[in-house]
There are 4 protein chains.
Amino acid sequence: MARPRSEDKRSAILAAATELVAAQGLGAPTAKIAKQAGLAEGTLFTYFENKDDLINQLYLEIKTDLRDAMMANYPAHRSLADRARHIWDRYIDWGVAFPAKRKALSQLGVSGRITTTTTDASRSAFCEIEALMHESLATGPLKDQPPAFVVAIMESLAETAMRFTTSDPAQAERYKQAGFDAFWRAISMK
Amino acid sequence: MARPRSEDKRSAILAAATELVAAQGLGAPTAKIAKQAGLAEGTLFTYFENKDDLINQLYLEIKTDLRDAMMANYPAHRSLADRARHIWDRYIDWGVAFPAKRKALSQLGVSGRITTTTTDASRSAFCEIEALMHESLATGPLKDQPPAFVVAIMESLAETAMRFTTSDPAQAERYKQAGFDAFWRAISMK
Amino acid sequence: MARPRSEDKRSAILAAATELVAAQGLGAPTAKIAKQAGLAEGTLFTYFENKDDLINQLYLEIKTDLRDAMMANYPAHRSLADRARHIWDRYIDWGVAFPAKRKALSQLGVSGRITTTTTDASRSAFCEIEALMHESLATGPLKDQPPAFVVAIMESLAETAMRFTTSDPAQAERYKQAGFDAFWRAISMK
Amino acid sequence: MARPRSEDKRSAILAAATELVAAQGLGAPTAKIAKQAGLAEGTLFTYFENKDDLINQLYLEIKTDLRDAMMANYPAHRSLADRARHIWDRYIDWGVAFPAKRKALSQLGVSGRITTTTTDASRSAFCEIEALMHESLATGPLKDQPPAFVVAIMESLAETAMRFTTSDPAQAERYKQAGFDAFWRAISMK
DNA sequence: AATGAATGAGAATTCATTCAT
DNA sequence: AATGAATGAATTCTCATTCAT
């Protein structure tokens, strides 16, 4: 019966947090985040219990956003290589289009403040991708490694490709292509 | 702020900083670092102008330590593959032996507080390795990419291998081997 | 801030405030009080202008409750000693039966936030008891002191008896008796 | 070798805290306390770990001060009544001379933030007085009650006498005398 | 050079109160 | 009237840095 909690405001906080965490790291003050979201300092805490809660929800939000970007128009019935390429391209495109999200995510990842609950939720959101990787290595050289290892390899190579793209945007396409090729060689049969 | 006298104290501060940054991130208080180094709070500032200076010197220190570890007994006259393998193995061994250094380095890397001066100095310390990579891709599939790209690929794959090793130490050898193979496939001719 | 409708809700707020002030002191948040009363935060302020108003009304409410407990079945026509004993016993019984009210009252008493208006109203509610005390000291050793002094003496001794009863309930009866005897000796002729 | 921690500053903080807690209760801000002590906000926390620590040390400090006041020139070899009277008089004099200490003490007492460690230390400081009370009731009407009960009775009566003295200073002597008489009757044989 | 007390600008919350719904 | 989101001042405590000793 009172003013309902607004999804817009929650999103504004997450968006502001993304920008500020990307720029300043986890030290970004909640007061600054709230202000940038156009809200009073205290309002942030009606949407998030405390800073750790905000951080964890932000992590999940960005990861989910990334997953959605990767899975949009996913060519489920094409070849393994096509699907892998689709995932890779979407990943890179997302990272280049939203550098703040990408940076924030890596800050959050190394922060040591993401709880197991959050990482579990995140992992489950990526199960289709994990399944793809699992399939990809069935007969390949990494067949004895856990699928998560292949996922991690992809992430780290993509991260590298994005970093080089960011500092040298003219060569974006080249890094995207070269990165995927390297990845594909890394996990495929010769 | 006068000239510091004791190299031991400087090292003690850097060692303490490594531990604490690895454990708590860049938020680790200078007072705690000084105390863990067996010194008074203020003493830290005779050895380092301010926290950013400490952070940058720490980065350089760890990077140099890593370089030295990689280059020890470097088989300069063996085959390319042998030399690459040597580098890779030393990298992994170092990361597994000194997890705090590894974690601190990754915290420092994403902190946004490492100056260009520092990264330049670091890069120059790795010139031999960059040369090796340059050579490695002369005729390979990545021949049009900058050598730094290959270095970054190696770093990210090694980082991944180390992370999995840390969480599953029994399989250390497997990750080391599989990681190198993936890397070598990624940058070599089919 | 319009006229409140429900007496039930007012009582619920006061009851909740009693519990919370007893447990946490005057720092008890109005939001918590409202919630424990089964109401929304803002509703509290339709019943009480602000926190100080709530505090003052609470003080008066508990004092009145205590007075009613003391005066129930008051043996108006029995001896002075019997009447004093009646008052004393009811006081102690009340305090033991409602420890939260007792604690809240003492928190409120020392808070410095009870206005003169409130204390005056409270005092007038206790006029019968003051009259009794007045009578009691007519010929006694305290005949030159103000009746309020005797009331205060009774209150402080009763408070002490209750405190000891609370921490050692098995001896309840003994403290009640010994406390009264001490009080009666204190204000009576030898 | 650095500036030594100054006992003066510690005392200044405790004095400021006494004033402010007496006036505003436990809600008195640490920043205000520090400022009134002539120090920066943060300095308070080099002398006291946190606010609870300050509160507990303050309680002990005031209690000890009171004990010292009571025991100064204690006539150890005079009669029981003389010694009791000495204690009583010193107590009242102290309370009247230092109303802030008295008020602060009662605020602290009901705050629920004094730890058992603190109350134990306080009790042990009052052991001589407890012994006196113990002796006083050996053959008296309260001989079956714990000595602490008698101490509490004295405290509560003294508190009452002081309150009346404060609000009516002209009658100070009368309340002091009447209070002691009431106390002595309360605990002595008829 | 070394020490650690002193400083005061933040930081994350909390909370009485207001006000849109 | 009832609700609970919104507000922003206030609070406790932290921490890089300075400076008296």
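Chain A is the first sequence line, chain B the second, and so forth, proteins listed ahead of strands; every chain is numbered from 1. Since the model is a prediction, treat every value here as computed from it, not as a measurement.
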When we call it a touch if two heavy atoms are under 4.0 Å apart, what does A:Tyr47 touch: a base, just sugar-phosphate, or nothing?
sugar-phosphate
Is there a side-chain contact between D:Arg5 and the phosphate of E:dA5, meaning an N or O under 4.0 Å from OP1 or OP2?
yes
So which one's nearest nucleotide on DNA chain E is more toward 5', C:Asn50 or B:Leu39?
B:Leu39
Rounded to the nearest angstrom, tell me the gap between atom CG in D:Leu26 and atom C1' in F:dT12.
14 Å
CA sep, side-chain torsions, deciding dist, call: D:Leu26, D:Leu108, side-chain contact (heavy atoms from CB on, under 4.5 Å):
CA-CA 7 Å; D:Leu26 274 274; D:Leu108 293 165; 4.2 Å; yes
Go ahead and name the base partner of F:dT3; Watson-Crick or wobble counts if both distances stay under 3.5 Å, otherwise write none.
E:dA20
Of the candidate nucleotides F:dT11, F:dT7, F:dA5, which contains the atom at the shortest distance from the side chain of A:Ala40?
F:dT7
Quick check on DNA chain E: between C:Ala31 and A:Lys51, whose nearest nucleotide comes earlier from the 5' end?
A:Lys51
What's C:Lys9 touching, base or sugar-phosphate or nothing? Going by heavy atoms closer than 4.0 Å.
sugar-phosphate
Within this structure, what is the CG-CD distance for the pair C:Asp53 and C:Gln57, rounded to the nearest 0.5 Å?
4.5 Å
Atom CG of B:Leu20 and atom P of F:dC15: how far apart are they, to the nearest Å?
12 Å
Between P on F:dC15 and CG on B:Leu44, what's the gap in Å once rounded to a whole number?
14 Å
From CZ of C:Phe48 across to P of F:dA2 the rounded distance in Å is 12 Å
Pairing partner of E:dG10, by Watson-Crick or G-U wobble and under 3.5 Å for both distances, is F:dC13
Look at the side chain of A:Thr64 and the backbone N and O of A:Leu60, then say whether any donor-acceptor pair between them is shorter than 3.5 Å.
yes
OP1 or OP2 of E:dC15 sitting under 4.0 Å from any side-chain N/O of C:Thr30?
no
Measure CD1/A:Ile13 against C1'/F:dA5 and give the value in whole Å, please.
12 Å
Return the value, rounded to whole Å, for the distance between atom NZ of B:Lys32 and atom P of F:dT14.
10 Å
Looking at E:dT17, E:dA20, F:dT17, which one has an atom nearest to any side-chain atom of B:Glu41?
F:dT17
What nucleic acid atoms does D:Ala28 come within less than 4.0 Å of, heavy atoms only: base, sugar-phosphate, or nothing?
sugar-phosphate
Whole-Å distance between F:dA16 C1' and B:Ile55 CD1?
11 Å
Which residue lies more 5' along DNA chain F, comparing A:Pro4 with A:Gly42 via nearest heavy atoms:
A:Pro4
Backbone of A:Lys35 reached by a side-chain donor or acceptor of A:Glu41 within 3.5 Å:
no
Answer yes or no: does a side-chain N or O of C:Thr46 lie under 4.0 Å from OP1 or OP2 of F:dA1?
no
Under 3.5 Å, is there a donor-acceptor pair between the side chain of D:Thr18 and the main chain of D:Leu14?
yes
Whole angstrom is fine here: how far is it from CZ in D:Phe45 over to C1' in F:dC13?
5 Å
Note: C:Glu61-C:Arg10 ion pair, threshold 4.0 Å (strictly below)
yes
